[in-house]
Participant: 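Pasting a structure here, questions to come.
Each chain gets a letter, A, B and so on, in the order the sequences are listed, and its residues count up from 1.
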Number of protein chains: 2
Amino acid sequence: MAVETRDRIIEAADLLFYQHGFEATSFADIASAVGISRGNFYHHFKTKDDILDSVINRRLANTEQMLDRWEVTGSDPAERIRSFIHILIVNGEKIRKFGCPVGTLSSELAKLNHAAKSDAAALFTLFRSWLRRQFERLGFGDRSDELAMHILGRSQGVATLANAFDDDGFLHHEVDLMCAWLDDQIAGLTTTNNSIRE
Amino acid sequence: MAVETRDRIIEAADLLFYQHGFEATSFADIASAVGISRGNFYHHFKTKDDILDSVINRRLANTEQMLDRWEVTGSDPAERIRSFIHILIVNGEKIRKFGCPVGTLSSELAKLNHAAKSDAAALFTLFRSWLRRQFERLGFGDRSDELAMHILGRSQGVATLANAFDDDGFLHHEVDLMCAWLDDQIAGLTTTNNSIRE
DNA sequence: CTAGATATAGGACGACTGTCCAAATGCAGA
DNA sequence: TCTGCATTTGGACAGTCGTCCTATATCTAG
C-alpha cells in the first residue's frame, strides 16, 4: 500500500534528520534506510522540503499525543510538569548523542533561513502552551507563561551541555535542580495564598 | 602578505559558520566573501576541516582574551559573572538570529560525527573553567563547578529559545532571573559562613 | 636584474546533490 | 483475460561540492 511506504519514509527521515541534521541527510540516505529506490520518492513527495514538513507534522502529532496522555493519566499538574522535566532522563542517551530534537532542528533551520523554521518553533509552542496550562491550574495566573518558558529554557540548556560534554551526571543533577525549583515555586505560591487568605 | 589573506579567510569563515553553519557554508561562499579565487584556498589550507580548526582556534583565542580582560578590569568575581550573563544582552541581536556560536557549533558537529567536536567543546570548557574560578574566589569551594555548569546551561537555554521565538523580552527577563539567582547564591553563602563563624 | 620562492587565478576532476522522467511492474475491477 | 491506475525502478539531468593541478603573477634575496 502507498501509505505504508510514505509513512516509512517519514519515519526514517525523522530519525535521520534528528541524528545527522536536515541538511546533512540526503535522499540517498533516506532511500537506503527505507530500502527503496531514490526515484520512488517523487511519487510520495514533491521536494525535500515536503518531507521536512511531513516530519515536523509527525513530530507535532506525536508530541501532542504524548502531552494529551500525560494530561489524562497524571493526576495533578505538578506531577505532569515533573513528567516533562524527566524527558531529559528518559531520553538521556539520545540527548547526549544528538541533543534535543526540537532545539537542534530549530537552530539548524534558523541558520538555513528555512521557511519551515516557524513550523519547528510550533513544536516549542506545543510544549510551552501545555506547560503554561499546568502552571495556570496550579494557580500561577499571569506568571504561568513566564514559568513555562523558564523550564523550557532550562531543559534546552541542559540538553545542549549534556550533549557537548556527554555528561550524564550533569543531566541528572540539573533535573533534580529543576524539580526543586518547581517545589519552591509551588511553596512560594501557597504561602502567598495563605497570607492573603488569612 | 600571505598571513593577511589567511586571516581574512578565517575571519570570513568564522562569520559564515556562525550564520549558516559549517556544513552549509561552501568554499565558494567563503571565497566570494573574502574576494579571492577558490583555487587559492589550498595554498593556505589543506582541507575544509583545516579551516574549521583554525576558526575554532580563533574563537578560543578571542574568548580567552575576553575572559582575561574581564578578570583584570572587573573588580569582584560576582561582577565578572554578571559580565558573562550579560553577553546574552550585548549579543542579543545576533543570538536571536543565529543562536549561541558555541552551542550551535557544538550541536552541529555532534550530529556530523565530526572529529572537531571535542575542540568545540573546549570552547565551553574555557567558559566553564573561568566561571568555576570566579565561584571559587567567592568561596563556593567544591560546588563551584556545578554552579559554573548551571549558569552555562541556563544561558544556553536562553539563547536557544530566544532564537526559536525571536523573543527579546524573554531574553532580558531570563538575564534578570540569572542575576537574581546569583545574588541568592551569594546571600545563602554568606549567611552560612556567618552562622559557622559565630 | 635575475632566480627562486610565494601567492593567486581559473579550471579540471569525480563524486554527490535534489529533481525529474520514461519504462517496467503490480494490482484493481470489468 | 484484459484494461487502467498506482507504484516502483534505475538512470538522466544540471548543478554544486571538496579537492587538486597547472599556469601566471607577485614579491624578495642575491
Participant: Parallel, tilted or perpendicular, judged at 30° and 60°: which one describes the rings of F124(B) and F165(A)?
Facilitator: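 Correct class here is tilted.
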Participant: If I take atom CD1 in residue I30(A) and atom C1' in nucleotide dG18(C), what distance separates them, rounded to the nearest angstrom?
Facilitator: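 Distance, rounded to whole Å: 11 Å.
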Participant: Quick one: H43(A) NE2 to dT19(C) P, roughly how many Å, whole number?
Facilitator: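 Between P of dT19(C) and NE2 of H43(A): 17 Å.
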Participant: Starting at CG of D53(B), measure out to NZ of K48(B) and round the result to the nearest 0.5 Å.
Facilitator: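 Rounded to the nearest 0.5 Å, the CG-NZ separation comes to 13.0 Å.
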Participant: Any chance you could list the contact pattern along nucleotides 14-28 of chain D? Use B for base contacts, S for sugar-phosphate-only contacts and - for none, protein heavy atoms under 4.0 Å, 5' to 3'.
Facilitator: ---SSBBB-------
Participant: Checking T47(A) side chain against D50(A) main chain: does a donor-acceptor pair fall under 3.5 Å?
Facilitator: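 No, T47(A) side chain to D50(A) backbone: no donor-acceptor pair under 3.5 Å.
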Participant: Can H86(B) and R82(B) be counted as having a side-chain donor-acceptor contact under 3.5 angstrom?
Facilitator: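 There is no such pair (donor and acceptor under 3.5 Å, judged by atom type) between the side chains of H86(B) and R82(B).
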Participant: Thinking salt bridges, do R132(B) and E136(B) make one under a 4.0 Å N-O criterion?
Facilitator: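 Yes, R132(B) and E136(B) are salt-bridged.
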Participant: If hydrophobic clusters are built by linking Ile, Leu, Val, Met, Phe, Trp and Tyr wherever their side-chain heavy atoms come under 4.5 Å apart, do I186(B) and L177(A) end up in the same one?
Facilitator: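 No; L177(A) is not reachable from I186(B) via cluster members.
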Participant: Within the 4.5 Å heavy-atom criterion, are V55(A) and Y18(A) side-chain neighbours or not?
Facilitator: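 When only atoms from C-beta onward are counted, Y18(A) and V55(A) do not touch, as no gap falls below 4.5 Å.
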Participant: At under 4.0 Å, does any side-chain N or O of T5(B) touch on OP1 or OP2 of dT8(C)?
Facilitator: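 Indeed, a polar side-chain atom of T5(B) lies that close.
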Participant: Would you call K111(B)-E108(A) a salt bridge at under 4.0 Å N-O?
Facilitator: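 The answer is no: the pair does not qualify as a salt bridge.
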Participant: Is there a side-chain contact between H44(B) and the phosphate of dT6(C), meaning an N or O under 4.0 Å from OP1 or OP2?
Facilitator: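 Checking dT6(C) against H44(B), no side-chain N or O comes under 4.0 Å of OP1 or OP2.
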Participant: Rounded to whole Å, how long is the line connecting atom CD of E4(A) with atom C1' of dA6(D)?
Facilitator: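 E4(A) atom CD is separated from dA6(D) atom C1' by 15 Å.
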Participant: Could you give the angle between the helix axes at the two ends of the helix from dC1(C)-dG30(D) to dC27(C)-dG4(D), with five pairs per end, rounded to 10 degrees?
Facilitator: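 Rounded value for the end-axis angle: 10°.
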